[in-house]
Amino acid sequence: MTNEQQIEEIRKFSYNKMVKDHTGHNFDHIQRVVKMANRLSNEEKTDKLITLGAAYLHDVADDKLVDDPAELESEIKKFLKSINLNESQVEEIMYITHNLSFSKSLSKNPPKLSLAGQVVQDSDRLDAIGAIGITRAIYYGGVNAETIYDPAIKPREKMSKAEYRNLDNETIINHFYEKLLKLTGMMNTPTAKRIALHRQQFMYEFLNEFKSEWLSEN
Ligand code: ADP
Ligand code: NI
């Protein structure tokens with residue numbers, strides 16, 4: 001099998017796993033992340049099979065989406081071996097998908113990623129900001145019955161992973177301050193940073209408009 005054929009097999013595997021998701025992690029998110037990962041991979045000269053493979057698989061075993069992530073991870077491993085990836089390719093893809101999430105980066109010792117991993121992480125983070133990021137946050141908030149906005153609830157400064165997942169006192173607007181506006185400063189690669197700055201500007205405009213309307217100022 002050529003690398004292109006292996007990537008196509010991974011795409012189909014990911015599609016079958018993600019097609020039912022309705023939390024904003026659905027397959028169109030995956031396709032955007034893959035497209036961006038391909039673009040950043042061209043800039044950073046990372047291995048295409050590792051980069052695009054990890055991009056396709058990065059949310060398949062997400063602990064928000066499946067009851068037993070470990071079981072899914074072993075299923076993914078088996079699948080990758082069945083399409084003839086070697087041991088080190090399987091390990092690198094698994095390491096990236098296991099360690100790239102924002103919630104992992106909240107831990108005391110955030111995992112260190114290879115350049116291919118950094119490219120996939122940047123691509124996932126870019127999809128959380130800008131116009132699409134705004135839409136996804138609202139969609140996620142709706143699915144989880146989050147309050148839209150409450151000026152009396154202040155954004156949380158430091159959060160553990162458990163606190164991040166606890167939505168009792170969460171608002172959609174606070175999610176921007178707790179996560180989305182921090183992502184630009186966390187980008188790994190220069191191209192991602194440049195794209196992020198543009199998207200961040202748009203989020204600030206959105207928040208300004210939102211708050212003015214809330215106060216009936218415009
Ligand atoms: P990761 O998979 O990198 O840990 P998340 O699961 O935190 O990322 O986020 C997935 C998507 O859902 C992102 O677009 C994110 O901004 C959005 N999201 C996560 N938590 C919230 C929240 N409390 N309110 C609104 N949107 C959220
Ligand atoms: Ni993702």
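In this text, all values refer to a predicted model and were calculated from it rather than measured experimentally. Counting starts at 1 for both ligands and their atoms, in listed order.
Listed by number with element, the atoms of ligand 1 under 4.0 Å from a non-hydrogen atom of Ser101 are 1 (P), 3 (O), 4 (O). Atoms of ligand 1 lying under 4.0 Å from any heavy atom of Asp124, numbered from 1 in the order shown and given with element: 3 (O). Ligand 1 places these atoms under 4.0 Å from at least one heavy atom of Leu180: 16 (O). Atoms of ligand 1 found under 4.0 Å from any heavy atom of Ser103 (numbered from 1 in listed order, with element): 4 (O). Close contacts of ligand 1 with Asp62, meaning ligand atoms under 4.0 Å from a residue heavy atom, involve 2 (O). Atoms of ligand 1 found under 4.0 Å from any heavy atom of Leu167 (numbered from 1 in listed order, with element): 23 (N).
With no hydrogens or angles considered, no side-chain donor-acceptor pair links Asp150 and Thr171 at under 3.5 Å. With 3.5 Å as the limit, one finds no donor-acceptor pair spanning the side chains of His98 and His58. Using modelled atom types and a 3.5 Å distance limit, the side chains of Ser41 and Thr46 yield a donor-acceptor pair. For the 3.5 Å distance criterion, the side chains of Asn188 and Gln121 qualify, holding a donor opposite an acceptor.
Ring centers of Tyr56 and Tyr15: at least 6.0 Å apart, outside the cut-off.
With sequence neighbours excluded, the residues forming a salt bridge (Lys or Arg N to Asp or Glu O under 4.0 Å) with Glu75 are Lys17, listed by chain and number. For Gln118, the side chain to side chain donor-acceptor pair (under 3.5 Å) test picks out no residue, with sequence neighbours left out.
By the 4.0 Å heavy-atom criterion, Tyr164 is counted among the residues contacting ligand 1.
Closest approach between the Ni ion (ligand 2) and any N/O/S atom of Asp59 involves OD2. When you scan the N, O or S atoms of His58 for the one nearest the Ni ion (ligand 2), you land on NE2.
Here's the thing with Asp59: none of its N/O atoms is less than 3.5 angstrom from an N/O atom of ligand 1. For ligand 1, the polar-atom distance check finds an N/O of Phe102 within less than 3.5 Å of one of the ligand's N/O atoms. Considering backbone and side-chain atoms together, Thr171 places no N or O closer than 3.5 Å to any N or O of ligand 1.
Summarising the geometry, atom CG belonging to Leu49 is positioned 7.5 Å from atom CD1 belonging to Ile83; distances are rounded to the nearest 0.5 Å.
Classified by interplanar angle (parallel below 30°, tilted 30° to 60°, perpendicular above 60°), the ring pair Phe206/Phe210 is tilted.
Residue Glu146 holds the heavy atom nearest to atom 24 (N) of ligand 1 of all those in Lys179, Glu178, Glu146.
The Ni ion (ligand 2) has an N, O or S atom of Asp124 inside 2.8 Å of it.
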